[in-house]
Amino acid sequence: MIGGQYYQQRDRQHRSTMKLALLATLLEAVSASEYPTVNADYIPTIRSLDDLPYDANEHLASHIFAYPSRCSSVVSNEHRIYSNIFHHKFVSLDGEALAAVFGHLNSAQQNGGDASDCMAVCLEKGTPKSVVARPLPHRYWRNGAVDHDGKGTNVEEMSLVDFLYSDGCGKVEYGMVSYHTQPVAVYWIDEKNGQKVFNAKLKPGERSTNFITTFVGHAFEVYDTQPNPDDALQNEMIFKFTVENNGIIGIGNHDQPKVPKESVAQEVKRTLISEWVRHSKVKRTFSPLGFDKGRLPNDLYASLGSYYYNNRFPPHVVLEEWGSHKGVFVNYWEADVNFIQIPWELKRRWQGRLKELVEAWTGVELETTDMYGMREYTKGARLVTHVDRESTHAASLIVNIAQENVTKPWTIEVNDHANRLHEVVMEPGDIVYYESAKALHGRNTPLQNGKYINLFTHYRPLNDPDWYLRENPEGTPEPLIDVGECKLVGNADQYSQGAVKCDNDAIGPHLSPTMFQAKSAMDLFHWWESVGPNEEDGQDNHDDANALGEEL
């Protein structure tokens, strides 16, 4: 996994590109005079969020700049705000739409109200309709300030124009990763005169990914650096694109190495022996079962969902880099596993909010160690049972971002502290808390159809890299080991519905209908074999797994 070890290197790359943002801001401000200023008389007023523009999949079809209708004069009197700035459609809100978008703000009036209390919001293209009314806090402006965390602890004063130029609206982060055979040169195109301004030189591979700060509507061109390394503009232009949102773009694609099929089983067996030993060495626990299920707050789901939706097709999504040095955890040689990298500032915002959720679950003050993804699994994908890095992955989250054409639940398999198997069904927006260095977890049953997109984020106790060597502190919930007799009361294909009933109800609704309980690494290997694809029809062998559970 490529994660925290590259933070410092890539952060330097990120800071080095900030000069472009400053240049772009100046150029945008100058060019604003060439566009017509906003005339409030021509801005539509909507009373229902159903009247916003949505695409066929019920995601927002355009960036939206919205404000209460009572604040129209504040917008139209600002001569530096011009129509369609950064490709945002302008709307004023009243009635139910106003209440839905602004009603949660302290003392915000839902209808009418004090005209001096003026607010604005930028709604991001690609946001699911179900959560369109609740963007992240930094996308709101109110009376000359932005409350970045929504709690009043990080408030920044800014004009309405500055807000439109901020990362709450028009300013975005955009990444480029190249898989071209040799380095490429990236140029920003000045729309006023067509001049090409050098931005970055990219070497091939994920480690050389470059994120820049730029603006919606800015255009870039990518040139080969061969045969003339001194002036890439004399070489072939191999790619060009216009920035539409926060995102990432791939120039070419990764070529996955081949894996001899006959060697896979032995490598999986060796891997599971190692993972069993690793999970047994972790002493500290945080919860009775080692996992739990929850739900994203709406504003986080809105941001995560829109980022994936806006980057869900090639060339934004590329193959995740796998190879023999990373093992056989993901069956990348049989099913494509794709990857959508995340910009730094957006990642920071997501990590901070998600950390609050994990701290509430563990009851422990944590520090962020890594965020990985977005990973897109495709038909046939499997994930071998494993645990994560001990020093950094104490308490973690799996976030299900989206599912496309998934016809059968693809459960996350988590072993509790007694190594009983739980199979948890997730829907888009669901989260699973898990002690990822202690609780063995995987997805051994192949994904039957479609795509399944996850994000992973990880934390550990504050300033304690050796947390896993320590005994549980006083007050830690006792691990749930003995739950008495258990029996199947539902169907063998019922997951997360309480299909298994135990004497102790604290076991929860996710216990696997197979009632599989591992006692050794070889049990894990037999499980992997039993739920694998049927050689004849490619379907999983979950019926065999039910028999295996009874046998163990």
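In K129, the NZ atom is crowded: over 12 heavy atoms of neighbouring residues, nucleotides or ligands sit closer than 6.0 Å. No more than 12 heavy-atom neighbours from other residues, nucleotides or ligands sit within 6.0 angstrom of CD on E58.
Residues E275 and T385 fail the side-chain proximity criterion, which asks for heavy atoms closer than 4.5 Å. With contacts defined as side-chain heavy-atom distances shorter than 4.5 Å, the pair T285/H417 qualifies. Residues H180 and I238 have side chains in contact (heavy-atom distance under 4.5 Å, counting atoms from C-beta outward).
Ring orientation note: the planes of W410 and Y377 are nearly perpendicular, at an angle over 60° on the 30°/60° scale. The aromatic rings of H148 and H138 sit parallel, their planes meeting at an angle under 30°, below the 60° perpendicular limit.
Between the side chains of Y309 and N57, at least one donor N or O lies within less than 3.5 Å of an accepting N or O. For the residue pair S512 / E423, a side-chain donor-acceptor distance below 3.5 Å is found, with atom types taken as modelled. Of the N and O atoms on the side chains of N310 and E244, not one donor lies less than 3.5 Å from an acceptor on the other residue. Side chains of H458 and T369: a donor-acceptor N/O pair is absent below 3.5 angstrom, by distance only. Using a 3.5 Å distance cut-off with no hydrogens or angles, the side chains of N454 and N400 do pair a donor with an acceptor. For the 3.5 Å distance criterion, the side chains of T214 and H218 qualify, holding a donor opposite an acceptor. Between the side chains of H422 and D416, at least one donor-acceptor pair of N or O atoms lies under 3.5 Å. Between the side chains of E124 and S306, at least one donor N or O sits under 3.5 Å from an acceptor N or O.
Checked options I453, I342, V317; the residue passing with Y308 is I453 (criterion: side chain to side chain contact (heavy atoms under 4.5 Å, CB included)). In summary, of the residues considered (H393, Q351, R353), a side chain to side chain contact (heavy atoms under 4.5 Å, CB included) with T457 occurs for Q351 alone.
With sequence neighbours excluded, the residues that form a side chain to side chain donor-acceptor pair (under 3.5 Å) with D505 are K501. With sequence neighbours excluded, no residue satisfies side chain to side chain donor-acceptor pair (under 3.5 Å) with D336. Checked against salt bridge (charged side-chain N to carboxylate O under 4.0 Å, His left out), K89 has no partners two or more places apart in sequence or in another chain. A search for salt bridge (charged side-chain N to carboxylate O under 4.0 Å, His left out) contacts involving E359 returns K355, not counting sequence neighbours.
Identified under the disulfide bond (SG atoms under 2.5 Å apart) test for residues 325-355, with sequence neighbours left out: none. Contacts classified as side chain to side chain donor-acceptor pair (under 3.5 Å) and involving residues 431-440 (residues at least two apart or in different chains) are given here: S287-E435, D388-S436, S396-S436.
A donor-acceptor pair under 3.5 Å is formed between the side chain of D482 and the backbone N or O of G484. Of the possible donor and acceptor atoms, none in the side chain of E173 sits under 3.5 Å from a partner among the backbone N and O of N246.
Remark: K347 qualifies as a cation-pi partner of W344 under the 6.0 Å distance and 45° angle criteria applied to the six-membered ring. The cationic atom of R270 (NZ for Lys, CZ for Arg) does not lie both less than 6.0 Å from the six-membered ring centre of F525 and within 45° of the ring axis.
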>> Applying side-chain contact (heavy atoms from CB on, under 4.5 Å) to S280 and W276, what does each step give before you reach the verdict?
In response: CA-CA 6 Å; S280 302; W276 182 267; 4.0 Å; yes

> So L136 and W350, side-chain contact (heavy atoms from CB on, under 4.5 Å) or not? Walk me through it.
Replying inline: CA-CA 10 Å; L136 287 174; W350 292 346; 4.2 Å; yes

> Given the rule in the salt bridge (charged side-chain N to carboxylate O under 4.0 Å, His left out) test, do R443 and E413 qualify, once you have shown the distances and angles that lead to the verdict?
Replying inline: CA-CA 6 Å; R443 293 180 186 267; E413 304 166 7; over 6 Å; no

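Rounding to the nearest 0.5 Å places CG of L300 at 12.0 Å from CZ of R134. Considering CG of N311 and NE2 of H316, their distance stands at 5.5 Å, rounded to 0.5 Å. To the nearest 0.5 Å, the span separating OH on Y459 from OG1 on T368 amounts to 4.5 Å.
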